[in-house]
Undergrad: 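Pasting a structure here, questions to come.
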Amino acid sequence: MYTTVGGTVTGLTSGDTLVLRNDANYTQTLTADGTFSFNVASNGSYAISVLTQPNTVNCTVVNGTGKMSSEAAVKNIIVTCVPNVPIGGTLSGLADSTSLVLVNNNTGLSTTVSSNGTFLFGNYVVNGSAYTIAVGIPPAAQYCTVANGTGTANILNTAAALTSVVTCVPAVPVKFTVTGLTAGTILTMVNTANAYADKFSVTLDGTYGFNWSLLNGVSYVAAVDTQPSGQTCKVANGTGIIDFNNAAAAANITVTCAKS
């Protein structure tokens, strides 16, 4: 014999989609407040949980687990959704026809910004959770920094999570030219500057730029991070100091690959 187990959902807002599931991996999709139910054996156990959270709210389940003791339906599961907090800020200095990828390091979720002005992450933050806005992929020939990018989401002060300031300024690309690489193998280069590692992988001969361009006076060290299978690659002109008056010097790194 089968009966049902379910309850009510409150707090969903327009455009939200909440997906619930039971322990048998059956799902219920809800886009508005109301009731829901799952079929359960009359003597069976049940465990109802959130499979997919909406973006603008965060939903929790009360009374979601138990064991049926009769054929009577269970209707006391309560799913309550409370508002999440948007995060964002302002961007200035971005060059025309370029874009910048920003990431929330606490979730790994990112947003791409292609114009100066205000920006907003598409993914909101759960109230009470920390966030850290950082530059994921900067535009070519620019260096971007984030100020006021960390905090804790507070539904009582949502404006505080919209005050990060991202500034981009001109910078010098660091480029390398690869020759002799066997097509289809993978060579990974790394540039260490300012205590971070900027890695870039290639599979063909050619000229490539590291992800991060650098500011005047910054030292760079380009080296092989991972050799391609069956080959050894050597780097020439891999170290230097960025000089705005001689930007081409940071683009003459050569990497020559030969059979091991």
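Quick note: residue numbers are just sequence positions, from 1.
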Undergrad: Is a donor on one side and an acceptor on the other found under 3.5 Å between the side chain of N123 and the backbone of L109?
TA: no
Undergrad: Grab the two heavy atoms, one from Y220 and one from L214, that are nearest each other, plus how far apart they are.
TA: CB-CD1, 3.9 Å
Undergrad: How many angstroms lie between CG in N39 and OG1 in T4, if you round to the nearest 0.5 Å?
TA: 7.0 Å
Undergrad: Minimum heavy-atom separation for N84 and P54, please, with both atom names.
TA: ND2-O, 4.1 Å
Undergrad: Out of curiosity, T27 OG1 to N25 CG, how far, rounded to the nearest 0.5 Å?
TA: 9.0 Å
Undergrad: If you measure from OG1 on T207 to CD1 on I253, what distance do you get to the nearest 0.5 Å?
TA: 11.0 Å
Undergrad: For the residue pair C233 and V255, what are the closest heavy atoms and their distance?
TA: CB-CG1, 3.8 Å
Undergrad: Please check if V126 and I87 belong to a single hydrophobic cluster, counting links between Ile, Leu, Val, Met, Phe, Trp and Tyr side chain heavy atoms closer than 4.5 Å.
TA: no
Undergrad: Please check: side-chain N/O of N55 versus main-chain N/O of G122, any donor-acceptor pairing under 3.5 Å?
TA: yes
Undergrad: Answer yes if V169 and F244 sit in the same cluster of Ile, Leu, Val, Met, Phe, Trp and Tyr residues linked by side chain heavy atoms under 4.5 Å apart, and no otherwise.
TA: yes
Undergrad: Crowded around Y26 OH? As in, over 12 foreign heavy atoms under 6.0 Å?
TA: no
Undergrad: Using atom types as modelled and distance alone, determine if a side-chain donor or acceptor of S99 lies under 3.5 Å from a backbone N or O of S114.
TA: no
Undergrad: Does T111 use its side chain to pair, donor to acceptor, with the backbone of F121 at less than 3.5 Å?
TA: no
Undergrad: Could you go through the side chain to side chain contact (heavy atoms under 4.5 Å, CB included) check for V218 and V172 one step at a time?
TA: CA-CA 10 Å; V218 173; V172 174; over 6 Å; no
Undergrad: Are L20 and V82 joined in one hydrophobic group, where the rule is that I, L, V, M, F, W and Y side chains link up if heavy atoms are under 4.5 Å apart?
TA: no
Undergrad: Using the rule that Ile, Leu, Val, Met, Phe, Trp and Tyr join whenever any side-chain heavy atoms are under 4.5 Å apart, tell me whether L18 and Y124 fall into a single cluster.
TA: no
Undergrad: What's the verdict on side chain to side chain contact (heavy atoms under 4.5 Å, CB included) for N76 and V74, showing C-alpha distance, side-chain angles and the deciding distance?
TA: CA-CA 6 Å; N76 69 337; V74 170; 3.1 Å; yes
Undergrad: Answer yes or no: are there more than 12 heavy-atom neighbours, outside I137 itself, under 6.0 Å from its atom CD1?
TA: no
Undergrad: Please round to the nearest 0.5 Å and tell me the distance separating atom CD of Q53 and atom CG of N58.
TA: 4.0 Å
Undergrad: Between V9 and C59, is any pair of side-chain heavy atoms under 4.5 Å apart?
TA: no
Undergrad: What closest approach, in Å, do C81 and V57 show between heavy atoms, and which atom pair accounts for it?
TA: CB-CG2, 3.9 Å
Undergrad: Tell me whether K67 contacts the main-chain N or O of N43 through its side chain, where contact means a donor paired with an acceptor under 3.5 Å.
TA: yes
Undergrad: Output, in order, the C-alpha distance, side-chain angles, deciding distance and verdict of side chain to side chain donor-acceptor pair (under 3.5 Å) for T254 and T177.
TA: CA-CA 5 Å; T254 60; T177 299; over 6 Å; no
Undergrad: Any ring-ring contact (aromatic ring centres under 6.0 Å, His included) pairs touching residues 154-191, not counting sequence neighbours?
TA: F176-Y208, F176-F210
Undergrad: Is there a path from L162 to V135 through hydrophobic residues (I, L, V, M, F, W, Y) whose side chains come within less than 4.5 Å of each other?
TA: no
Undergrad: Does T17 form a side chain to side chain contact (heavy atoms under 4.5 Å, CB included) with T52? I'd like the steps, not just the answer.
TA: CA-CA 8 Å; T17 299; T52 304; over 6 Å; no
Undergrad: Just wondering, do N127 and N154 contact through their side chains at under 4.5 Å, heavy atoms?
TA: yes
Undergrad: To the nearest 0.5 Å, how far apart are CG in N237 and CG in N252?
TA: 4.5 Å
Undergrad: Has K259 got more than 12 heavy atoms of other residues, nucleotides or ligands less than 6.0 Å from its NZ?
TA: no
Undergrad: Report yes or no: does Q28 contribute a side-chain atom to a donor-acceptor pair with the main-chain N or O of S37 at less than 3.5 Å?
TA: yes
Undergrad: State, yes or no, whether a side-chain contact exists between L102 and V113 at a heavy-atom distance under 4.5 Å.
TA: yes
Undergrad: For V61, what residues pass the side chain to side chain contact (heavy atoms under 4.5 Å, CB included) criterion, not counting sequence neighbours?
TA: V50, I77, V79
Undergrad: How close do P173 and S213 get, counting heavy atoms only, and between which atoms?
TA: CA-OG, 3.4 Å
Undergrad: Compute whether any side-chain donor of one residue and acceptor of the other, for D16 and T56, lie under 3.5 angstrom apart.
TA: yes
Undergrad: Do you know which two heavy atoms are closest between A95 and Q142, and how far apart they sit?
TA: N-OE1, 3.0 Å
Undergrad: Mind running side chain to side chain contact (heavy atoms under 4.5 Å, CB included) on C168 and L100 for me, showing each step along the way?
TA: CA-CA 9 Å; C168 299; L100 165 70; 4.2 Å; yes
Undergrad: Is the closest side-chain heavy-atom distance between P138 and Y143 below 4.5 Å?
TA: no
Undergrad: Determine all donor-acceptor pairs shorter than 3.5 Å in which one atom belongs to a side chain in residues 184-191; sequence neighbours excluded.
TA:
unit_1	atom_1	unit_2	atom_2	d
T185	OG1	T182	O	2.6
T188	OG1	S201	OG	2.8
N191	OD1	V221	N	3.1

Undergrad: In Å and rounded to the nearest 0.5 Å, what is the CG to OG1 distance from N22 to T65?
TA: 13.0 Å
Undergrad: Would you mind telling me which of N106, T150, N104 makes a side-chain hydrogen bond (donor to acceptor under 3.5 Å, both in side chains) with T132?
TA: N106
